[in-house]
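Just the heavy atoms: all of them, side chains too, but no hydrogens, waters or symmetry mates, feed the values below. The chains referred to below are lettered A, B, ... by the order of the sequence lines, with proteins before strands, and numbering in each begins at 1.
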Protein chains: 2
Amino acid sequence: MGKGEQTRQAILDEAFSLASCVGVGGLSIGILAERTKMSKSGLFAHFGSKEELQLAVLREAQQRFAEVVLRPAFRQPRGVARLRAIVLNWLDWTREANLPGGCVINAAAAEFDDQPGPLRDEVRRGLIALRRTLVDTVAKAVEAGDLRPDTDPEQFAFELEGIYQVAQQSRRLLNDPDADRRALFAFDRLVRDYAVERDKE
Amino acid sequence: MGKGEQTRQAILDEAFSLASCVGVGGLSIGILAERTKMSKSGLFAHFGSKEELQLAVLREAQQRFAEVVLRPAFRQPRGVARLRAIVLNWLDWTREANLPGGCVINAAAAEFDDQPGPLRDEVRRGLIALRRTLVDTVAKAVEAGDLRPDTDPEQFAFELEGIYQVAQQSRRLLNDPDADRRALFAFDRLVRDYAVERDKE
DNA sequence: GACATTAACGAACGATCGTTCTATAAATGC
DNA sequence: GCATTTATAGAACGATCGTTCGTTAATGTC
């Protein structure tokens with residue numbers, strides 16, 4: 001990795017954790033230059049525009065999400081076990097990745113949902129991909145015989161995301177120490193409702 | 001209402017719908033002055049600081065939420081009927097109130113969850129109050145005999161908020177036309193799981 | 001209708017924003 | 001080790017930010 005790529009990545013690391021606190025829209029080249037001990041212009045040259053930097057942060061977030069949440073979970077066998085692994089990794093990916101200020105992706109989703117442009121498009125693309133991954137994973141859990149054949153994977157994925165979002169908010173804003181426990185409880189209820197009743201009398 | 005209060009309210013109306021699009025943090029006095037056809041300084045005088053204006057917007061949001069979502073629902077009898085009314089009003093309160101860019105409160109929650117200060121405190125206060133209202137309403141549904149006595153109102157309210165949040169995101173960012181339907185489906189599943197089985201064979 | 005009060009304006013402030021340009025320093029390829 | 005490309009710094013730009021100040025216009029009161 002050449003020198004250029006190296007500092008670019010260092011900047012991105014800093015931008016990533018900063019965005020976690022102030023949001024992707026709240027990023028400032030001046031502050032970022034200060035934190036990385038670079039000049040504004042030197043830092044700027046790596047991206048060409050602020051928007052390009054913001055896009056890079058969003059892409060970085062998606063990549064880390066895939067690495068930290070999805071990839072390890074896919075080592076679990078298809079079915080509910082894999083789904084549960086996703087939920088568990090998901091719930092503490094803000095600790096795993098360097099996200100002191102909470103989930104960048106969720107924050108960006110709320111921030112750009114009504115501001116057309118490349119940033120919104122990027123967030124949208126990422127969330128659509130995530131939704132599809134979830135739907136597929138649920139569908140495979142049906143195929144594997146863990147969930148009932150009449151399960152609606154879209155509905156299941158929809159509810160999964162809701163559980164994650166409220167957990168995030170409860171933990172960060174309401175300081176609810178039970179947020180993770182409640183999220184897992186909700187997940188279990190979801191699974192139980194759609195589970196194949198293997199041992200009914 | 002004197003002239004002062006009158007224009008203050010007009011500014012607040014404009015700020016409210018603007019914040020819906022760009023977020024409470026994205027509000028700008030210059031742009032707001034432009035939209036209301038006032039001078040920056042004239043507008044500024046009504047609030048004394050930008051932060052005070054932002055706080056006023058947050059309080060306005062909470063007040064409208066109580067009026068549009070909660071108050072009408074409380075005309076329903078205690079129990080699941082009232083809960084359902086809350087969910088229905090909640091799901092389209094962004095249409096009812098003047099919120100072209102989505103739920104201000106949720107956006108602010110994501111925006112300020114890691115930025116200590118009066119704004120975060122205000123958002124937090126509002127969401128805690130909402131949570132308490134939901135918990136109480138669920139508890140009353142238990143008392144009324146609609147939900148099983150072992151229902152955990154906190155858990156129920158937790159899941160309700162998740163349903164709302166994912167519905168909001170799905171609708172606004174993913175352009176999912178089925179978001180509301182899925183949210184109601186999730187709500188029904190929630191109710192069914194905790195419902196007293198009145199007519200079991 | 002004169003007077004006190006309040007609301008609104010216009011100009012300017014210092015700070016910061018993203019961005020551009022030119023020049024120097026460092027890294028790279030031979 | 002030299003030449004060339006690449007990375008960084010520094011200064012400056014125009015724009016916008018929130019805020020302050022002094023003045024004028026409008027409102028409310030007796």
Side-chain angles (χ1 to χ4, degrees), chain A residues 1-16 18-19 21-60 107-108 111-112 115-122, chain B residues 1-16 18-19 21-60 107-108 111-112 115-122:
Chain A
M1 183 163 63
K3 170 82 167 142
E5 283 295 318
Q6 197 172 317
T7 57
R8 191 191 140 101
Q9 191 57 48
I11 295 168
L12 224 42
D13 283 356
E14 192 64 41
F16 184 67
L18 179 57
C21 295
V22 301
V24 172
L27 284 173
S28 137
I29 293 188
I31 292 175
L32 213 42
E34 204 172 276
R35 291 218 190 187
T36 53
K37 300 185 205 311
M38 288 183 66
S39 64
K40 281 205 305 175
S41 55
L43 187 149
F44 183 86
H46 283 273
F47 300 93
S49 76
K50 181 186 179 180
E51 194 174 60
E52 208 59 48
L53 184 150
Q54 292 172 311
L55 283 172
V57 168
L58 288 177
R59 294 196 198 99
E60 176 80 11
E111 195 173 0
F112 298 116
Q115 297 179 253
L119 292 173
R120 190 194 118 110
D121 294 344
E122 185 63 37
Chain B
M1 182 161 66
K3 169 84 167 140
E5 283 295 319
Q6 197 173 319
T7 58
R8 190 190 141 102
Q9 191 57 46
I11 295 168
L12 225 42
D13 283 356
E14 192 62 41
F16 184 65
L18 178 58
C21 296
V22 300
V24 172
L27 285 174
S28 137
I29 293 188
I31 293 176
L32 213 43
E34 203 171 277
R35 292 218 189 188
T36 53
K37 300 184 205 310
M38 287 184 66
S39 64
K40 282 206 304 177
S41 53
L43 188 149
F44 184 86
H46 282 274
F47 300 93
S49 76
K50 182 186 177 179
E51 195 175 59
E52 208 58 48
L53 184 151
Q54 293 172 310
L55 283 172
V57 168
L58 288 177
R59 293 195 199 100
E60 177 80 11
E111 194 174 1
F112 298 117
Q115 296 178 256
L119 292 174
R120 191 193 118 108
D121 294 345
E122 186 63 37

Asks: For A:Arg120 and A:Phe112, which heavy atoms make the closest approach, and how far apart are they?
Replies: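 Heavy-atom minimum between the residues: CG-O, 3.0 Å.
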
Asks: Give me the atom names and distance for the closest heavy-atom approach of B:Glu122 to B:Leu55.
Replies: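 For B:Glu122 and B:Leu55, the tightest heavy-atom pair comes out as CB-CD2, 3.7 Å.
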
Asks: Knowing that exactly one of A:Asp121, A:Leu53, A:Leu119 qualifies, which makes a side-chain contact (heavy atoms from CB on, under 4.5 Å) with A:Leu58?
Replies: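 When side-chain contact (heavy atoms from CB on, under 4.5 Å) is applied between A:Leu58 and each of A:Asp121, A:Leu53, A:Leu119, only A:Leu119 qualifies.
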
Asks: Scan nucleotides 9-21 of chain C nucleotide by nucleotide, 5' to 3', and note B when protein non-hydrogen atoms come under 4.0 Å of the base, S if they reach only the sugar-phosphate, - if neither.
Replies: BB------BBBB-

Asks: In whole angstrom, give the distance that lies between atom NZ of B:Lys3 and atom C1' of D:dA25.
Replies: 11 Å

Asks: For the residue pair A:Ala56 and A:Arg8, what are the closest heavy atoms and their distance?
Replies: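 Closest pair (atom of A:Ala56, atom of A:Arg8, distance): CB-NH2, 3.9 Å.
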
Asks: Write down the distance between CZ (A:Arg8) and C1' (D:dT6), rounded to a whole number of angstrom.
Replies: 15 Å

Asks: What is the separation between atom CD1 on A:Ile11 and atom C1' on D:dA7, rounded to the nearest whole Å?
Replies: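 To the nearest whole Å, that distance equals 10 Å.
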
Asks: Do you know the tightest heavy-atom contact between B:Gln115 and A:Val22?
Replies: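 Nearest pair, atom of B:Gln115 first, then A:Val22: OE1-CA, 4.1 Å.
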
Asks: Just how far, in rounded Å, is P of D:dT19 from CD of B:Glu52?
Replies: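 Spelled out: CD on B:Glu52 to P on D:dT19 is 11 Å.
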
Asks: Tell me the closest heavy-atom pair linking A:Leu27 and A:Ala19, and the distance in Å.
Replies: CD2-N, 3.8 Å

Asks: Report yes if a side-chain nitrogen or oxygen of B:His46 is closer than 4.0 Å to either non-bridging phosphate oxygen (OP1 or OP2) of C:dA8; otherwise report no.
Replies: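 So the side chain of B:His46 is within the cut-off, an N or O lying under 4.0 Å from OP1 or OP2 of C:dA8.
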
